[in-house]
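Encoded as structure tokens, the structure appears first; notes follow it.
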There are 2 protein chains.
Amino acid sequence: MSWRKEQRRAERGYHHGNLKEALLQAALGLIAEKGAAGFTFADAARMAGVSAAAPYRHFRDRDELLSSIAQRGFEQFESRLTAAWDDGRPDTVTAFERVGRAYLAFAREEPAFYNAMFESGLPVDANPALQAASERAFNIIRAAAERLAALAPPGMPRPPAMMMALHIWSMSHGVASLFSRGDAARRKLPMSPDELLEAEVLIYLRGLGFPTDRRPAGKGAEPPPVPPEASSGSGMPPGGAPAGPWGKPK
Amino acid sequence: MSWRKEQRRAERGYHHGNLKEALLQAALGLIAEKGAAGFTFADAARMAGVSAAAPYRHFRDRDELLSSIAQRGFEQFESRLTAAWDDGRPDTVTAFERVGRAYLAFAREEPAFYNAMFESGLPVDANPALQAASERAFNIIRAAAERLAALAPPGMPRPPAMMMALHIWSMSHGVASLFSRGDAARRKLPMSPDELLEAEVLIYLRGLGFPTDRRPAGKGAEPPPVPPEASSGSGMPPGGAPAGPWGKPK
DNA sequence: AGCTCATGTAAAAGTCGTTCACATGAGCTG
DNA sequence: CAGCTCATGTGAACGACTTTTACATGAGCT
């Protein structure tokens, strides 16, 4: 009957030794499969080979496990965005777009994290640590927007960086939640989510008066060679599009 | 002890008479309060004054109740967007912005519907009826984008309407989910979600080459008086902003 | 009046989340 | 090394929820 459990026990002894981490990993897998709503504390325990009560030695309750995952998610998110931004190299606009792609790549490649962070209904603002982590991630976008705003062409009024950051965030989040994940991803789109977001951001930047065919006007020359991209997306048009940010205008 | 239940029974007899509707209403209230994840089939039954098994005479399971709500949500959403669009009156750009505000207003005023539709993890594309309803709602945005695209100024290449529609949708959804609801709404923003979205859309449209200080160039004159707005938002700047779509540039 | 079937009920099985008293054994202390 | 301690894990139990099943009720038709 229960020789399976006995065997498990035999293999690892009464004490698991690394249960907290095992639970986090198990939960991550389960959330990726069935979403944060479908994920079960008992399931995670089973998967780790311990009783249903064991997890309570490491997490106050199910929500705390979820929060821990969201926390980690925000940290990884931040580090990904930081890498993508790469302090604005080789030029601000290019780096800025790379951040947008990194956002989508994260949502696509780490569905469990993204789910826990943004789609689990978890009250982020009720948890100071979580809120701080979320803030830190957002600050990357904010910093990038700041740099971009500083490049505003002479004729145009300088847009508020905070507003730009919020706009970019909402575009990224909107594209990610609507088109880049789950079932809505199956909707037949005229272009990939990556291209959709890139076009959206480019049009937006142009609306602010930024030249959008790479390498903005101001400032001294920056190192021209493009470093290896962190995420290998679906491939973007290499040069600047002559007509518009989207493909051929029919 | 259970005279309460007996009394209920006495008031309405063995048969409820309108249980399906009562359950939908109860669920709507519960979802608005605690989110789709927290909503419970048993709770809805209790609220309607029937046993926990009764709902199964009207819905295959909990998910079907949720789907029904989402379905209704999409229908109301569609009719709201339709009203806001008002076939492009008094002019295309004004009507277009009204659609954006209607999107936010719906998310704010009908949190239960919005939650069921977009945040419940419900597999919309697995349910043909739901998918169709969602499609119909999106088609309003699509139609509006189509009309807008047709107004593209002579110099600019005509943007694909479908792409524009997807962009607008993602902006609206992004702003709504990030800033216009739940806990994230508490984040201290430099402007209201409505203003944020309006600025975002205006900048975007300007990026496409549209004149954004009301009343676009082309076409014959349309009736000038602005009809009463469907949603009384937080108040927009009345005329065209001289500097930019956002407020004063510092 | 009597039938029938949609609609409601109680009871029961299975799952979860959570708590509690108790078991185990890793690591320290003498 | 004996013994102690405390972090970590167990099993049993409670209440809530979902869903199924057999049975009850009564509204509407004949």
Side-chain angles (χ1 to χ4, degrees), chain A residues 1-27 30-31 33-69 116 120-122, chain B residues 1-27 29-31 33-69 120-122:
Chain A
M1 294 323 180
S2 69
W3 65 275
R4 234 184 161 343
K5 190 184 282 183
E6 298 308 328
Q7 179 170 352
R8 271 262 180 71
R9 190 94 51 88
E11 280 169 5
R12 58 140 243 255
Y14 190 91
H15 289 286
H16 184 289
N18 199 16
L19 185 52
K20 186 163 190 172
E21 193 53 35
L23 287 172
L24 286 167
Q25 291 305 324
L30 289 171
I31 294 174
E33 269 183 50
K34 310 184 291 184
F39 143 75
T40 252
F41 218 26
D43 248 347
R46 234 182 324 260
M47 192 157 301
V50 297
S51 76
Y56 289 85
R57 295 295 174 197
H58 300 277
F59 302 95
R60 198 179 338 84
D61 55 20
R62 184 178 169 283
D63 265 16
E64 195 179 281
L65 211 198
L66 223 52
S67 296
S68 296
I69 290 191
S120 65
L122 192 133
Chain B
M1 292 338 151
S2 68
W3 64 275
R4 237 192 157 337
K5 190 184 282 183
E6 297 309 327
Q7 179 170 351
R8 271 260 178 71
R9 190 94 51 89
E11 281 170 5
R12 60 140 243 257
Y14 190 92
H15 289 286
H16 183 289
N18 199 15
L19 185 51
K20 187 163 190 173
E21 194 53 37
L23 287 172
L24 285 167
Q25 291 306 324
L30 290 171
I31 294 175
E33 270 183 49
K34 311 184 290 185
F39 143 75
T40 252
F41 217 26
D43 247 348
R46 233 184 323 265
M47 191 156 303
V50 297
S51 76
Y56 289 86
R57 294 296 175 196
H58 300 277
F59 301 96
R60 199 178 338 81
D61 55 21
R62 184 178 169 286
D63 265 16
E64 195 180 280
L65 211 198
L66 223 54
S67 298
S68 295
I69 290 190
S120 65
L122 190 134

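Every chain is numbered from 1, with letters handed out A, B, ... down the list of sequences. Both backbone and side-chain heavy atoms feed into the values below; hydrogens, waters and symmetry mates do not.
When the P atom of C/dA6 is taken as reference, atom CG of B/N18 falls 18 Å away, rounded to whole Å. Summarising the geometry, the separation between CZ on A/F59 and P on C/dT18 is reported as 13 Å, rounded to the nearest angstrom. Nucleotide C/dT15 holds its C1' atom 13 Å from the CZ atom of A/R62, rounded to whole Å. A straight line from CG of B/L19 to P of C/dT7 spans 9 Å, rounded to a whole angstrom. Distance CG (A/D43) to P (C/dT18): 15 Å, rounded to an integer number of Å. One interatomic measurement links the two molecules: CZ of A/F41 to P of C/dT19, which rounds to 10 Å at whole-angstrom precision. In this structure, the CG atom of A/L30 is 15 Å from the C1' atom of C/dT15, given to the nearest Å.
In terms of heavy-atom proximity, B/A44 sits nearest to B/L30 at N-CD1, 3.7 Å.
Heavy atoms of A/Y56 sit under 4.0 angstrom from at least one base atom. Among the atoms of the strands shown, base atoms are found under 4.0 Å from some heavy atom of B/A53.
Side-chain contact between B/L19 and B/H58: present, with at least one pair of heavy atoms (C-beta onward) separated by less than 4.5 Å. Side-chain contact between A/P55 and A/L65: absent, with no pair of heavy atoms (C-beta onward) separated by less than 4.5 Å.
For A/T40 and C/dT15, the shortest distance from a side-chain N or O to OP1 or OP2 is not below 4.0 Å. In this structure, A/H58 reaches the D/dG9 phosphate: one of its side-chain N or O atoms is under 4.0 Å from OP1 or OP2. A sub-4.0 Å separation between OP1 or OP2 of C/dC16 and a side-chain N or O of A/R46 is present.
Residue B/A54 places its side chain closer to C/dG8 than to any other of C/dT18, C/dG8, C/dC16.
In this structure, D/dG28 forms a base pair with C/dC3, meeting either the Watson-Crick or the G-U wobble geometry with both donor-acceptor distances under 3.5 Å. Across all strands shown, D/dC17 forms a Watson-Crick or G-U wobble pair with C/dG14, both key distances being under 3.5 Å. If you check C/dC20 for Watson-Crick or wobble pairing at under 3.5 angstrom, you find it paired to D/dG11.
Judged by distance alone with a 3.5 Å cut-off, a donor-acceptor contact links the side chain of A/R57 to the base of D/dG9.
At least one test fails for A/K34 against the ring of A/F39: distance under 6.0 Å to the centre or angle within 45° of the axis.
B/D63 contributes no side-chain N or O that, together with a main-chain N or O of B/L66, makes up a donor-acceptor pair within less than 3.5 Å.
The residue among B/G17 and A/R60 whose nearest nucleotide of DNA chain C lies closer to the 5′ end is B/G17.
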